[in-house]
Novice: 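I'd like to ask some things about the structure below.
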Amino acid sequence: MMIQALYELAQREKLLEDPDYEEQRVDLIISIDADGKYLGLIANGGAKLGEGNRMKIPRLPGTRTSGMMARLLCDNAKYVLGLEKAKDEKAAKPERVAECAALFAQEVRNLASQTEDVAVVAVERFLRSLDSVRSLLIQDYPFGGDGFTGSETIAFRFAPSDELVHRRDSVRNFFSRSREKQQEGIRQLQCLVTGQHAPVSRLHPLIKGVPAAQPTGAALVSFNADAFASYGLKGGENAPMSRAVAEGYVTALNYLLQRVQVPTPDGKKTVSRYRQGVSMGDAVTVFWTKQPHPIEEDVMSCFGEGVLVGDASATDESRQKAENRARLLSDAIFNGHVPGSATVPFYAVTLSGNAARVVVRDWLETTAEQVYENLKRYFLALHIGHRQPEPIPLRPLLAALVFKERDLPPSWKGALLRAAFFGDRLPDALLIAALQRLRLPPDKYDKDQLRLRCGVIKALLIQRKSFQEEITVSLNEQNHEPAYLCGRLFAILEQLQSAAIKDANTTIRERYFGAASMTPALIFPRLLSLSNHHAKKSGRGDLEKLKGRVMAQISDQGFPRLLSMDGQGLFAIGYYHQREARFDGSQRTAKDDAETRSEPIG
């Protein structure tokens, strides 16, 4: 089903209109005249290596892993020019590079003799004189550094007609005929996807961009040993698919995994992300729908890098468009106003790689309506405080849980995505991480990060069903759980200190939050003694009355000697709720706000 859905995507996006050509990044273009004379080396649209424009170039005739295989008229610098930069002397393989260049030149000679096309003949003449112009090519290299790396994809332009040689009609016709000849003599079987009898694709093309897979690409379907074959079938015959299907599903996956540049929320720079996928450390989740649907853009707006907020340096019109898009996104998720067809099929697949091939970790087939419902449950579970619920991108949420990004376990991002897409449970490790970060002194990003950490804690406590009292979105004065009351009291004592000592060097939160949340009976007597001095100095009788009301509810039970992990989480929520009521300037309750209650994830 997955391969069929990908093949349908390739047809939907018209990725197979020219089956003999595939879209690839081209970094450099060599301009030559009719005699093959070198005229110049041009960067194809990008100021840096790897930013070249994408264009249709001839497909590789097979897979290129450990063996050598030249692409027709357009290949990397190792094949086209015989240039490659090795990491060190031991890694250098000049003989192999020379063989690659000779193979590319041989393919061009064969093409020239078959077509007699003047542009192809000009490329052949250029390659014959390559030794004499190689120094000029190195001198004209536009990307700086130490020159050619060998990975640059290079095409040729025929100056008299200003046409790319690999796009000429004679080249297209020759390449199409040669690919048809390759199909001759190949065993015909019933295709698993189309149901039609056709020559079987023995080797499927490679998928690029999957984490932990080979940079040159890896296969999703492959049979590279006899142990994987049966009934006398060889290679791809064991999972028979036509060449069109094999190239179609791989082209669709490469399309989804393509890296694109998008602006950051502040508009000052761009970041690279998948076209339609979310990185999960050692894996990636890509998604699509059977027919075009706004949910594809909505999911990227929620979880893609740099696309949730409009470009700050953009025009008023573009900013307004971004704001309207965000409004429609929230309307679809939180109010159930699903744009387009609610029943359109939605697909998501999580991929990772190993040394040999691409591995499918997860496969989801559902509807747009169900995904919006899962997103609503996920974001409402994370929602805390008086502001309206909103989608929370993955990066700031995860950044709030670790001290440095390199400390982030790869599995967490995947767990959050599965909770958002599939409705899975959040891992308990997130509770430990959030509590550990709360024990550290606050920084300049504290307001937002405190909200995110407490939102994660709230979602996990609801999921774990640790307490009888309902855990609400905002302050709940009817919650008499000791841990919750202790958290509220700590926030009140912090406010008393703030009112008494302006711009204190060290606050009670910095010194006592972690200890107070773990051993309230040990810490709160000291804090209450301090608060008496703060109350006299601040003159805030309203805070003293509020402190007395909370203390009256605690006194019957006394301060807990030790709080469990869940109790520490509830302490943090009580602290955040009371703190929000303080900054809001009122003693509002969750009942007064009449906000939507969260449903547990999973």
Novice: Let's go through V165 and V120 carefully: what are the C-alpha distance in whole Å and the side-chain angles of both, what is the deciding distance for side chain to side chain contact (heavy atoms under 4.5 Å, CB included) to 0.1 Å, and is it a yes or a no?
Specialist: CA-CA 7 Å; V165 181; V120 179; 4.0 Å; yes

Novice: Let me see the working for K78 and E152 under salt bridge (Lys or Arg N to Asp or Glu O under 4.0 Å), right down to the final yes or no.
Specialist: CA-CA 8 Å; K78 181 169 64 174; E152 302 87 351; over 6 Å; no

Novice: Could you please spell out the steps behind the salt bridge (Lys or Arg N to Asp or Glu O under 4.0 Å) verdict for E163 and R168?
Specialist: CA-CA 8 Å; E163 185 179 11; R168 291 172 69 88; 3.1 Å; yes

Novice: Are any non-hydrogen side-chain atoms of R109 and Q114 less than 4.5 angstrom apart?
Specialist: no

Novice: Kindly say whether the aromatic ring centers of Y347 and W363 come within a distance under 6.0 Å.
Specialist: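 Ring centroids of Y347 and W363 are less than 6.0 Å from each other.
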
Novice: Between K56 and E22, does any NZ, NE, NH1 or NH2 come within less than 4.0 Å of an OD or OE carboxylate oxygen?
Specialist: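 Answer for the salt bridge query: no.
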
Novice: Judged by modelled atom types alone, do T343 and T367 share a side-chain donor-acceptor pair under 3.5 Å?
Specialist: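 Checked: T343/T367 side chains show no N/O donor-acceptor pair below 3.5 Å.
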
Novice: If you measure from the Lys or Arg side-chain nitrogens to the Asp or Glu carboxylate oxygens, is any gap between E237 and R187 under 4.0 Å?
Specialist: yes

Novice: Taking atom CG of L111 and atom OG1 of T115, what is their separation to the nearest 0.5 Å?
Specialist: 4.5 Å

Novice: Given the side-chain rings of F156 and F126, with only the six-membered ring counted for Trp, is the space between their centroids under 6.0 Å?
Specialist: yes

Novice: For a quick test of reading the model, state the closest non-hydrogen atom pair linking P199 to Q183 and the distance between them.
Specialist: CB-NE2, 3.4 Å

Novice: Where do W288 and V286 come nearest, in terms of heavy atoms and distance?
Specialist: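 Residues W288 and V286, closest heavy atoms: CZ3-O, 4.1 Å.
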
Novice: Taking only Lys NZ, Arg NE, NH1 and NH2, and the carboxylate oxygens of Asp or Glu, determine whether D20 and R172 approach each other closer than 4.0 Å.
Specialist: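 A salt bridge is absent here (no side-chain N lies under 4.0 Å from a carboxylate O).
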
Novice: How close do A283 and R361 get, counting heavy atoms only, and between which atoms?
Specialist: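 A283 and R361 have their closest heavy atoms at CB-NH1, 3.7 Å.
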
Novice: Using a strict threshold of under 4.0 Å (side-chain N to carboxylate O), is an ion pair present between R128 and E124?
Specialist: yes

Novice: I need the I3 CD1 to L192 CG distance, nearest 0.5 Å.
Specialist: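 Answer rounded to 0.5 Å: 8.0 Å.
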
Novice: Distance only, no hydrogens: is a donor on one side chain within 3.5 Å (strictly under) of an acceptor on the other, for Q370 and N374?
Specialist: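 There is such a pair (donor and acceptor under 3.5 Å, judged by atom type) between the side chains of Q370 and N374.
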
Novice: I want to check something: taking the side chain as every heavy atom from C-beta on, are K413 and L398 in contact at a cut-off of under 4.5 Å?
Specialist: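 The answer is yes, as the side chains (C-beta and beyond) meet within the 4.5 Å cut-off.
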
Novice: Take L81 and I154 through the test side chain to side chain contact (heavy atoms under 4.5 Å, CB included) and record every step on the way to the result.
Specialist: CA-CA 9 Å; L81 304 177; I154 301 174; 3.7 Å; yes

Novice: Given E13 and L9, is the side chain to side chain contact (heavy atoms under 4.5 Å, CB included) satisfied, shown in steps?
Specialist: CA-CA 6 Å; E13 294 297 321; L9 173 65; 3.9 Å; yes

Novice: In the structure I gave you, are the side-chain heavy atoms of H166 and L72 within less than 4.5 Å of one another anywhere?
Specialist: no

Novice: Could you pull out the closest heavy-atom pair between A252 and L6, with the gap in Å?
Specialist: CB-O, 3.2 Å

Novice: If you measure from CG on L220 to CG on L351, what distance do you get to the nearest 0.5 Å?
Specialist: 7.0 Å

Novice: Is the ring centre of Y249 less than 6.0 Å from the ring centre of H204?
Specialist: yes

Novice: Side-chain atoms of residues 25-46: list all donor-acceptor pairs with protein atoms under 3.5 Å, sequence neighbours left out, distances to 0.1 Å.
Specialist:
from: R25; atom 1: NE; to: D27; atom 2: OD1; distance (Å): 2.7
from: R25; atom 1: NE; to: D27; atom 2: OD2; distance (Å): 3.3
from: R25; atom 1: NH2; to: D27; atom 2: OD2; distance (Å): 3.0
from: D27; atom 1: OD1; to: G50; atom 2: N; distance (Å): 3.4
from: D27; atom 1: OD2; to: T153; atom 2: N; distance (Å): 3.0
from: D33; atom 1: OD1; to: D35; atom 2: N; distance (Å): 2.9
from: D33; atom 1: OD1; to: G36; atom 2: N; distance (Å): 3.1
from: D33; atom 1: OD1; to: K37; atom 2: N; distance (Å): 2.7
from: Y38; atom 1: OH; to: L41; atom 2: N; distance (Å): 3.2
from: Y38; atom 1: OH; to: D140; atom 2: OD2; distance (Å): 2.6
from: N44; atom 1: ND2; to: V26; atom 2: O; distance (Å): 2.9
from: N44; atom 1: ND2; to: N53; atom 2: O; distance (Å): 3.4

Novice: Could you give me the CA-CA distance, side-chain angles and deciding distance for R179 and Q182, then say whether side chain to side chain donor-acceptor pair (under 3.5 Å) is met?
Specialist: CA-CA 5 Å; R179 275 170 53 89; Q182 291 175 5; 5.4 Å; no

Novice: Can you say whether the rings of F303 and F379 are parallel (under 30°), tilted (30 to 60°) or perpendicular (over 60°)?
Specialist: parallel

Novice: For residues M55 and I57, determine if any side-chain heavy atom of one lies less than 4.5 Å from a side-chain heavy atom of the other.
Specialist: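 They are in side-chain contact.
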
Novice: Show, in sequence, the C-alpha distance, side-chain angles and deciding distance for N238 and S230, and conclude whether the side chain to side chain contact (heavy atoms under 4.5 Å, CB included) test is met.
Specialist: CA-CA 7 Å; N238 291 274; S230 57; 3.9 Å; yes

Novice: If I compare all heavy atoms of G235 with all of F223, which pair ends up nearest, and what's the gap?
Specialist: O-CD1, 3.2 Å

Novice: Just wondering, do F421 and Y378 contact through their side chains at under 4.5 Å, heavy atoms?
Specialist: no

Novice: May I ask you to test the L49-T149 pair for a side-chain heavy-atom distance under 4.5 Å?
Specialist: yes

Novice: For N110, is there any backbone N or O sitting under 3.5 Å from a side-chain donor or acceptor partner on S113?
Specialist: yes

Novice: When you look at S222 and R357, which way does the side chain to side chain donor-acceptor pair (under 3.5 Å) test go after all the steps?
Specialist: CA-CA 8 Å; S222 65; R357 64 192 70 209; 3.1 Å; yes

Novice: Can you tell if the side chain of T285 reaches within under 4.5 Å of the side chain of R418, non-hydrogen atoms only?
Specialist: no

Novice: Return the CD to CG distance between E107 and L127, rounded to the nearest 0.5 Å.
Specialist: 12.0 Å

Novice: For a salt bridge (charged side-chain N to carboxylate O under 4.0 Å, His left out) with E23, tell me which candidate from K14, R54, R59 qualifies.
Specialist: R54

Novice: Between F346 and A368, what is the shortest heavy-atom contact and its length?
Specialist: CB-N, 4.2 Å

Novice: Look up atom CZ in R202 and atom CD1 in I186, then write down how far apart they are to the nearest 0.5 Å.
Specialist: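 That separation rounds to 7.5 Å.
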
Novice: Is the shortest side-chain heavy-atom distance between I333 and C302 below 4.5 Å?
Specialist: yes

Novice: Between the side chain of R259 and the main-chain N/O of S272, is any donor-acceptor distance below 3.5 Å?
Specialist: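 Here the side-chain-to-backbone pair exists.
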
Novice: Is the closest basic N to carboxylate O distance between E296 and R12 below 4.0 Å?
Specialist: yes

